[in-house]
Every structure is written in structure tokens, then in C-alpha cells.
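Read the structure below first, then the notes.
These numbers come from a predicted model, not from an experiment. Indexing begins at 1, ligand by ligand and atom by atom, following the structure's order.
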Amino acid sequence: MNIKVDISNVRLETERLILRPWTREDLDDFYEYAKVDGVGQMAGWCPHKSKEESATILNMFIAEQKTFAVVLKASHKAIGSVGLEEVREETMLASPLKGREIGYVLSKDYWGHGFMPEAVKRVVEYCFDDLGCDFLLCGYFKWNHQSQRVCEKIGFQFFKEIEFATRFNTFEKTNLNIMYHPKKVIR
Ligand SMILES: CC(C)(COP(=O)(O)OP(=O)(O)OC[C@H]1O[C@@H](n2cnc3c(N)ncnc32)[C@H](O)[C@@H]1OP(=O)(O)O)[C@@H](O)C(=O)NCCC(=O)NCCS
């Protein structure tokens with residue numbers, strides 16, 4: 001089952017980052033990284049072709065309130081996102097366990113400094129401690145070594161292999177990984 005998510009009043013902090021809801025003022029920062037070739041494709045979507053396209057997605061983030069902006073404390077720049085996506089039907093764990101699937105993207109300019117593991121670790125804590133999730137899923141295309149490393153650093157374990165239909169009409173073999181609530185006995 002999907003747990004209910006509403007991050008509209010949520011603000012999380014880490015040493016270097018703030019995680020907060022997206023706002024319309026983030027459009028330039030969002031478009032700046034979403035238009036770059038080789039970023040979105042690793043998560044299954046095409047680089048944005050125009051600022052209008054980014055504005056449409058940003059409006060969706062604002063309406064749905066399930067995707068955090070990852071903001072650098074040092075500059076207040078939005079450099080990525082962490083989303084709490086609905087768990088797909090075919091990967092759903094037996095009811096009544098509740099959870100979400102985490103997805104993330106970081107601006108290419110900031111790769112390799114451990115920003116995303118830092119952000120996702122904090123979001124995982126929020127999901128278990130505040131939302132009350134029983135489990136979290138996180139998937140990466142088998143060829144996406146960078147995302148695999150993020151999953152490993154956070155402590156996700158292999159769960160199952162699935163095929164993911166991308167926005168650019170391919171099916172990518174995907175490793176779906178899982179983390180259970182560290183304190184609840186649910187297995
Ligand atoms: C996956 C992603 C979020 C990782 O974020 P990050 O903050 O750079 O994570 P890390 O700093 O921990 O680096 C992870 C791995 O990326 C690789 N990496 C680091 N810098 C890199 C660079 N400049 N170029 C390519 N790969 C790099 C390394 O293998 C690193 O692992 P290591 O720490 O064991 O050496 C980021 O690469 C990204 O946004 N990729 C595109 C979108 C995506 O793949 N999303 C996930 C979909 S499931």
C-alpha cells in the first residue's frame with residue numbers, strides 16, 4: 001500500500017543541504033539542470049527542451065507535494081530533487097505494509113560530492129520516523145552505476161528485478177531495492 005504523503009509544511013536539514021517543497025521561484029535552477037543531456041535519461045526521462053516544459057513539471061511538483069527540492073545551504077540554489085513516488089502495482093508488497101518508492105536526480109555540476117546520499121539518508125529518516133513507512137523502495141537501471149552507489153551507501157538491499165518503461169520508449173532492466181523500517185518487526 002502507498003502511504004499518504006504531503007510535504008507542504010516539511011523542511012528537512014542536513015549538514016550541507018535543505019530539503020523543502022519546490023516553489024515557482026525555483027524554475028531557473030530546475031531548468032538549468034533538467035535541460036542537460038545525460039541526466040534525466042538515467043532516471044527514465046528526456047532532457048527538458050524548454051523552460052515551459054520545466055514550468056509544467058514544476059507546477060506538478062507544487063500541486064502533488066511529494067517531491068523535495070534539494071537546496072544548497074551555501075548558495076540557496078536548488079540542485080536536485082528527491083521524490084516519494086507511488087509504489088507500482090506489480091512491485092507492491094503484501095498489504096497492510098505501507099511505503100513509497102524514492103527517486104532522485106542531481107544537477108550534473110554537483111555529482112561526486114556525496115550530496116545525494118546525504119539528502120536521501122535524511123529523507124529515509126523522515127519516511128520512517130515521521131511518515132511511519134514500513135518499507136521504502138529505490139530502483140536503478142542496471143547500467144546506472146552512480147545510482148547503484150547511492151543505494152548501497154544508504155543501505156538498500158536487492159529486492160527484485162523489474163522492467164521499467166522510460167519516457168523515451170525503451171524498457172530498462174531495473175534493480176529494485178528495499179529497506180524495511182529499522183525498528184518495527186514486520187517480516
Ligand atoms: C545518481 C546521482 C543522484 C548520484 O548523486 P551524487 O551526489 O553524485 O552521489 P555520490 O557523490 O555518492 O556519487 C555516486 C557515484 O557516482 C560516480 N561519480 C562520481 N562523480 C561522478 C562524475 N562526475 N561523473 C560520473 N560519475 C560520477 C561514482 O561512481 C560515485 O560512487 P563512489 O562514491 O563510490 O565513487 C547522480 O549521479 C545523478 O543525478 N544521476 C542522474 C540521475 C539518476 O541517475 N537518478 C537516479 C535514478 S534511479
Is the closest protein non-hydrogen atom to atom 35 (O) of ligand 1 under 4.0 Å? no
Would you confirm whether any non-hydrogen atom of the protein falls under 4.0 Å from atom 28 (C) of ligand 1?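 It does not: no protein heavy atom is found less than 4.0 Å away from atom 28 (C) of ligand 1.
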Show which atoms of ligand 1 fall inside a sub-4.0 Å distance from at least one heavy-atom site of [X].
X      : answer
Ala43  : 47 (C)
His113 : 11 (O)
Val150 : 4 (C), 9 (O)
Pro117 : 7 (O), 9 (O), 12 (O)
Phe115 : 7 (O)

Check the angle between the aromatic planes of [X] and [Y] and answer parallel, tilted or perpendicular using the 30° and 60° thresholds.
X      : Y      : answer
Phe164 : Phe141 : tilted
His113 : Phe115 : tilted
Phe30  : His48  : perpendicular

Considering [options] one by one, which has a heavy atom nearer to [atom] than any of the others?
atom                    : options                        : answer
atom 30 (C) of ligand 1 : Glu118, Gln148, Arg149         : Arg149
atom 6 (P) of ligand 1  : Ile102, Val105, Leu106, Asp109 : Leu106
atom 26 (N) of ligand 1 : Glu172, Glu152, Gln146         : Gln146

Looking at SG of Cys133 and CD1 of Ile102, how far apart are the two atoms once the value is rounded to the nearest 0.5 Å?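 It is 8.0 Å, given to the nearest 0.5 Å.
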Can you check whether [X] has an N/O within less than 3.5 Å of an N/O in ligand 1?
X      : result
Ser147 : no
Asn144 : yes
Met116 : yes
Gly139 : no

Just heavy atoms, cut-off under 4.0 Å: does Phe141 contact ligand 1 by side chain, backbone, both, or neither?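 Contact part for Phe141 vs ligand 1: neither.
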Below 4.0 Å, non-hydrogen atoms only: which portion of Lys108 touches ligand 1? Side chain, backbone, both or neither. neither
Closest non-hydrogen atom pair, Thr67 against Ser81: CG2-CB, 3.9 Å
